[in-house]
Protein chains: 2
Amino acid sequence: MPTIKDVAEKAGVTVTTVSRVLNNRGYISEATRKKVYKAMEELNYQPNELARSLFRGKSQLLGLIIPTVAHPFFAELAASIEAYAHAKGYKVLLCNSQLNREKEKEYIEMLKRHQVAGIIMASHTMEVDEFAKVKLPLVTFDRRIGANIPYVSSDNYQGGQLATNLLIDKGCRKIAHVCGNLSLNMLANKRNEAFVDTARERGVEYYTIQTEINVFETKQYELLIRDLFNEHPDLDGIFANSDLMAVSAIKVCSLLKKRIPHDVRIVGYDDTNIASLVLPQITSIRQPIEQMSALAIDLLIRQMNKEQISVDNILPVILHERETT
Amino acid sequence: MPTIKDVAEKAGVTVTTVSRVLNNRGYISEATRKKVYKAMEELNYQPNELARSLFRGKSQLLGLIIPTVAHPFFAELAASIEAYAHAKGYKVLLCNSQLNREKEKEYIEMLKRHQVAGIIMASHTMEVDEFAKVKLPLVTFDRRIGANIPYVSSDNYQGGQLATNLLIDKGCRKIAHVCGNLSLNMLANKRNEAFVDTARERGVEYYTIQTEINVFETKQYELLIRDLFNEHPDLDGIFANSDLMAVSAIKVCSLLKKRIPHDVRIVGYDDTNIASLVLPQITSIRQPIEQMSALAIDLLIRQMNKEQISVDNILPVILHERETT
DNA sequence: TTGTATGCGTTATCAG
DNA sequence: CTGATAACGCATACAA
């Protein structure tokens, strides 16, 4: 790999000059600029980002910590974040935590060692006080850590309300919310709050089913939902915490010969591609992934620039009615 | 951020000594080792990877270039690759090319600037001769570039045979292969070769439908398949090039009141999670993603060590029969 | 067993 | 307008 030195020699100038044309700093005569460009061209020179980053004390890397990119929601999130990061000149370091606290910590340490410019954290098994130690531009997805760490989230309470009200409006009298682990202290838990509040208010029988921490255990969802119907054969509405869970619910209903939406109505969450792909197409609550991604990147960059930012960044969700309701 | 210098001062030694205990090199007395560890502990010291990498001339980063991580197959691939890379001490830089040649090139340049240790390339719109310029450990997914660049692939021809034979064995007489853009020169095209060979051999009527380059245009798949049935209402077998396409096929069949597998049989590809998730569950050809990922990482590391490696790395696929056949 | 000096590739400061 | 030099944080060769 040619270095700036090689370019300088070839162009008959010093490294200083080359650096100047590279960064468009200071005054340079057109003649030498041309010479330098020519030399760079001929050598196929690429500036060494490691050296640059070392000098300025940080890299152009962003860390993205998610449970697993194999999950459709996080896959779409990752794709979106990468796109916006790229547009702003940043690269994304992919970290799959598997919702494992040790891994989360390990990844954060790793990212610090690599002098990343910032971290987007969308996996939350870590304790709150451990976030204080990060000392790096940080944005959280769907979790409020404290007054200092900004987070991006969609309006989970609103989502829960929309879903629950829709089920009840459509005539459901006995509904269940299949959600993640509520002890994980994520804002997604507000969906369940909304579910409970709404169901209670409107006088409808309701149940909450928590799944284990396992990220992507479809089979487990199916078993859980099957148990649910065993206990409550007359259940007529399911609010699933992800489209994947909704698909599992559809499957179980099909096996139990329950017609959708006639016997059971289902609302999914995230509105990932899968929701409109399967049959019946899933009614789902859409999180505005694109805007959330853009906002996250933006918040990170603002932190780097020591700008003032708001801690709470909650975007509205949208209900997409389809065939399961 | 504390540096090695701070640690040295705190421990009352020089940076050399600290560096030594850090890297377990040379002889160090237990006493000073303890002192140094203590100092590192107290300062919460993290070695600066940028500096390390700059010194040794390359980073611990791997570039992963895929069309988009929003696609289930590539999402699972990315998750798997990240896991193996992590196990070997490497981090993954995520690059979504959108199957765009300029982006691919741009990403490669970027990765070089960042002194990545290697590149895994699973997006192939670039010309063959451009690969020669990479000069970096490189592994290709599903494309044979030349005699110098190793690739990892599953046995596409076998996959095509398995799928086609299954359809015919089950009684299909008029079948279609819905595949990607055959001009892209990927090994996946061998699926179509196998399809054509097998159908011809066994005397069954067959058609090939190519989709546009767009990576994730589900709607487009649906339109294409609809057109297909318009032209050939008596089509009774579809070999889809991905599970996503298979889902689209299922959907179209459902809309056209065609029963699966009674009227139309469908075989998908990749056997991603989605295949066993939807109803009917999709018969699919499984690519051994885990092994392919491990192999790719392994090939990269071997190249770094200047070890001899084989260019052709083809793993067998497995047919998973489910409900669509 | 430990310390000194040098260089990795780049940018910034300060001269000229 | 351009050049010499120091510094970023670390690891190695060579001394001691």
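Values below: all heavy atoms of this structure, side chains included; hydrogens, waters and symmetry mates excluded. So you know, we letter chains A, B, ... as the sequences are listed, proteins then strands, and number each from 1.
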Integer-rounded Å distance: [N] [atom2] and [X] [atom1]:
X         : N       : atom1 : atom2 : answer
Leu50(B)  : dA11(D) : CG    : C1'   : 15 Å
Met40(B)  : dC10(D) : CE    : P     : 11 Å
Asn48(A)  : dG7(C)  : CG    : C1'   : 14 Å
Lys112(A) : dG9(D)  : NZ    : C1'   : 17 Å
Asp6(A)   : dG9(C)  : CG    : P     : 8 Å
Asn23(A)  : dT13(C) : CG    : P     : 13 Å
Lys58(A)  : dT11(C) : NZ    : P     : 15 Å
Phe55(B)  : dC8(D)  : CZ    : P     : 18 Å

Nearest to the side chain of [X], which nucleotide is it out of [options]?
X        : options                  : result
Leu54(B) : dC10(D), dG9(C), dT2(D)  : dG9(C)
Leu22(A) : dG7(C), dT11(C), dA12(C) : dT11(C)
Ile28(A) : dT2(C), dT2(D), dT10(C)  : dT2(D)
Thr32(B) : dA11(D), dT2(C), dT5(D)  : dT2(C)
Ala51(A) : dT10(C), dG3(D), dA13(D) : dT10(C)
Thr14(B) : dG3(D), dT10(C), dT4(C)  : dT4(C)
Thr16(A) : dC10(D), dA12(C), dT2(D) : dA12(C)

Base, sugar-phosphate, or nothing for [X], non-hydrogen atoms under 4.0 angstrom?
X        : value
Val15(B) : nothing
Ser53(A) : nothing
Thr17(A) : sugar-phosphate
Val18(B) : nothing
Ser29(B) : sugar-phosphate

| request: In sequence, state the C-alpha distance, the side-chain angles, and the governing distance for Glu30(B) and Arg33(B), and then conclude on salt bridge (charged side-chain N to carboxylate O under 4.0 Å, His left out). | output: CA-CA 5 Å; Glu30(B) 246 343 279; Arg33(B) 185 189 299 273; 3.3 Å; yes
Would you say [X] reaches [N]'s phosphate, i.e. side-chain N/O to OP1/OP2 under 4.0 Å?
X        : N       : result
Tyr27(B) : dG3(C)  : no
Arg25(A) : dA12(C) : yes
Thr3(B)  : dG9(D)  : no
Arg52(B) : dC10(D) : no

| request: Could you tell me whether a side-chain N or O of Asn100(A) sits under 3.5 Å from a main-chain N or O of Ser97(A), the two making a donor and an acceptor? | output: no
| said: Closer than 3.5 angstrom, by distance alone: can the side chain of His124(A) be matched with the main-chain N or O of Phe141(A) as a donor-acceptor pair? | reply: yes
| said: For Arg20(B) and Lys5(A), find the nucleotide of DNA chain C closest to each by heavy atoms; which residue's nucleotide sits nearer the 5' end? | reply: Arg20(B)
Basic-acidic side-chain contact under 4.0 Å: [X], [Y]:
X         : Y         : value
Lys105(A) : Glu109(A) : no
Glu49(B)  : Arg52(B)  : yes
Lys103(B) : Glu106(B) : no

